[in-house]
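Written below as structure tokens is the structure these notes are about.
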Amino acid sequence: MKHRIVVLGAGYAGAFAAGNLARRLSPADTEITVVNAVPVFVERMRLHQLASGQDVAFRELADVFAGTGVRLRLARVTGVDPERRTVAVTGEDGPGELAYDTLLYALGSSVAHQGVPGAAEYAFDVTGRSSALRLRERLAGLDEGGTVLVVGEGLTGIETATELAESRPDLSVALAAGGELGAWLSPGARRHLRRAFARLGITVHEHTRIEAVEPTRTITAGGASVPADVTVWSAGFAVHPIAASSGLEVAETGQIVVDRTMRSVSHPDVYAAGDCAYAIGDNGRPLPMSCASAGFTNMQATAAIIARLTGDEVPTTGLKYHGNHISLGRRDAIFQMVDGDVRSKSWYLGGRTAARLKSGVLKGAGWGIAHPTFGMPKRKRRLVTTPERSGVLGAA
């Protein structure tokens, strides 16, 4: 019987991981299945561009995995039973169940409304393709002078506000920041950010906490009204409660608690990668939810799965966060390096050079997804029977 590997989610972490596993493990011993709710690979780092009205092409996952041996199951995950080693799904054919020997959980994250009244009902977001398209349609219907308020001064909020302001100069774009805009950046990068906001005509409401969202305005903690024909919520991310409800050990955030190899501390046949993994970086702190973290964790998870299945020593890959790369529209960006304690270094790169670098990163990630088994070795690894595999991971 082949060893059944099921990958939940085909985002940056899941798609890369599935291709890596297919590239290195022999199909004579393994069966790899990817479960994803939509038929395309969603480049999450481009969703603010999609929402602003730009043309963003999405690769069909059937084409991505064609010829790789990876099976694609288009369905939504509704539950995980780690004791029975099964995944409950529902798709066009109705509800179903998948059995696994090794599970890689990479379902990512979505918008966190943080219980703010009206946010779920009236606010838009760019954390998924459908929500970005919904925002795109709403923005297309705004007349000149329409008001847009982006809530949240993190990377997503900054990139969304600048992209909208550049693409739709006919609109009045503002950003509500809970603290100081770009407070975590170095002084030079902070000045660069403020110049970009001024150039694009973005109004900044600093030290402003939004406590209610209504159809045409938001209400601050101080009771002030901020006009907003469209409110874009980017004040945080949350993981799906499936992991917590399954019985897997999770952190307060709902993320799956993993060891240094991305293996669940409660269920050793389950691994996690991407935003849904509560992984401790080389600096002793939890990795932030980000595309970079998805890369680190999926590489570590796949390396551990392959090593354990083939009887090798499990390697450790680097889990060091190097910095933040922030797009400020299509022709400007900031690349801010950080130290081991995730504090901004004095050096930063800004302007068109940084924008070209960010564009290269996006194109590189997209190319890697489109060629999941590039560099496929002629001789793939065969599985071995070990006490661990036969007792914990399951026989091949």
Side-chain angles (χ1 to χ4, degrees), residues 3 5-25 30 32 34 44-45 70 80 82 100-109 237 239 243 248-251 253-323 338 340 342 361 364-365 368-369 372-377 380-381 383 386 388-389 392-393:
H3 189 88
I5 301 175
V6 174
V7 180
L8 303 184
Y12 289 108
F16 273 119
N20 198 7
L21 292 167
R23 185 166 60 240
R24 300 190 182 194
L25 293 174
T30 56
I32 302 170
V34 175
R44 190 163 176 174
M45 291 191 293
V70 175
V80 174
Y100 66 83
D101 297 305
T102 298
L103 179 70
L104 177 54
Y105 190 109
L107 290 179
S109 62
F237 302 100
V239 298
L248 293 164
E249 183 172 335
V250 298
T253 58
Q255 296 168 290
I256 298 172
V257 180
V258 295
D259 63 16
R260 182 57 177 77
T261 68
M262 302 303 117
R263 196 183 205 180
S264 165
V265 297
S266 62
H267 293 79
D269 47 6
V270 176
Y271 294 76
D275 288 353
C276 58
Y278 187 79
I280 304 302
D282 294 341
N283 60 2
R285 300 179 180 182
L287 289 175
M289 293 184 183
S290 68
C291 181
S293 297
F296 302 148
T297 55
N298 101 72
M299 287 189 291
Q300 177 61 80
T302 53
I305 291 170
I306 293 165
R308 289 187 172 115
L309 291 179
T310 58
D312 284 349
E313 182 178 350
V314 177
T316 55
T317 61
L319 297 177
K320 183 178 180 180
Y321 199 77
H322 296 283
V338 299
V342 201
V361 169
I369 291 293
T373 55
F374 177 76
M376 182 186 294
K380 294 191 177 184
R381 307 286 299 280
L383 274 59
T386 66
E388 180 180 17
R389 279 199 56 228
V392 177
L393 291 177

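For reference, positions follow the sequence shown, starting with 1.
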How long is the straight-line distance from [atom2] of [Y] back to [atom1] of [X], given to the nearest 0.5 Å?
| X | Y | atom1 | atom2 | result |
| --- | --- | --- | --- | --- |
| I5 | L21 | CD1 | CG | 5.0 Å |
| R263 | T102 | CZ | OG1 | 8.5 Å |
| R24 | T310 | CZ | OG1 | 10.0 Å |
| N298 | I305 | CG | CD1 | 10.0 Å |

Sub-3.5 Å donor-acceptor pair from the side chain of S293 to the main-chain atoms of P288, do we have one?
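Such a contact is found between S293 side chain and P288 backbone.
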Test item: T297 side-chain N/O and G274 main-chain N/O as donor-acceptor pair under 3.5 Å
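Side chain of T297 to backbone of G274, a donor-acceptor pair under 3.5 Å: yes, one is there.
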Considering all heavy atoms, the nearest [X]-[Y] contact:
| X | Y | value |
| --- | --- | --- |
| L107 | G9 | CD2-N, 3.9 Å |
| P315 | A303 | CG-CB, 3.9 Å |
| A304 | Y271 | CB-CE2, 4.0 Å |
| Y12 | A365 | CE2-CB, 4.2 Å |
| A277 | Q255 | O-NE2, 3.3 Å |
| L319 | I280 | CD1-O, 3.7 Å |

Which residues pass the ring pair (Phe, Tyr, Trp, His ring centres under 6.0 Å) test with Y100, sequence neighbours left out?
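Not a single residue meets the ring pair (Phe, Tyr, Trp, His ring centres under 6.0 Å) criterion with Y100.
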Side-chain heavy atoms of [X] within contact of [Y], under 4.5 Å:
| X | Y | result |
| --- | --- | --- |
| V80 | L103 | yes |
| V239 | M289 | yes |
| Q300 | T316 | yes |

Should V250 and Y278 be marked as a side-chain contact (heavy atoms from CB on, under 4.5 Å) after you check the CA-CA gap, both sets of side-chain angles, and the distance that decides it?
CA-CA 8 Å; V250 298; Y278 187 79; over 6 Å; no
My understanding is that only residues two or more places apart in sequence, or in another chain, count here; which of them pass side-chain hydrogen bond (donor to acceptor under 3.5 Å, both in side chains) with [X]?
| X | result |
| --- | --- |
| S266 | S264 |
| T261 | D259, R308 |
| D275 | S109 |

Verdict with supporting geometry, L25 and L383, side-chain contact (heavy atoms from CB on, under 4.5 Å):
CA-CA 8 Å; L25 293 174; L383 274 59; 4.1 Å; yes
With R260, which residues qualify under salt bridge (charged side-chain N to carboxylate O under 4.0 Å, His left out), at least two apart?
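Result, salt bridge (charged side-chain N to carboxylate O under 4.0 Å, His left out) vs R260: D282.
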Tell me if the CZ atom of F237 is crowded by more than 12 foreign heavy atoms within 6.0 Å.
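Yes, enclosed.
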All pairs passing salt bridge (charged side-chain N to carboxylate O under 4.0 Å, His left out) where residues 6-16 contributes a residue, at least two apart:
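Sorted pair list comes back empty.
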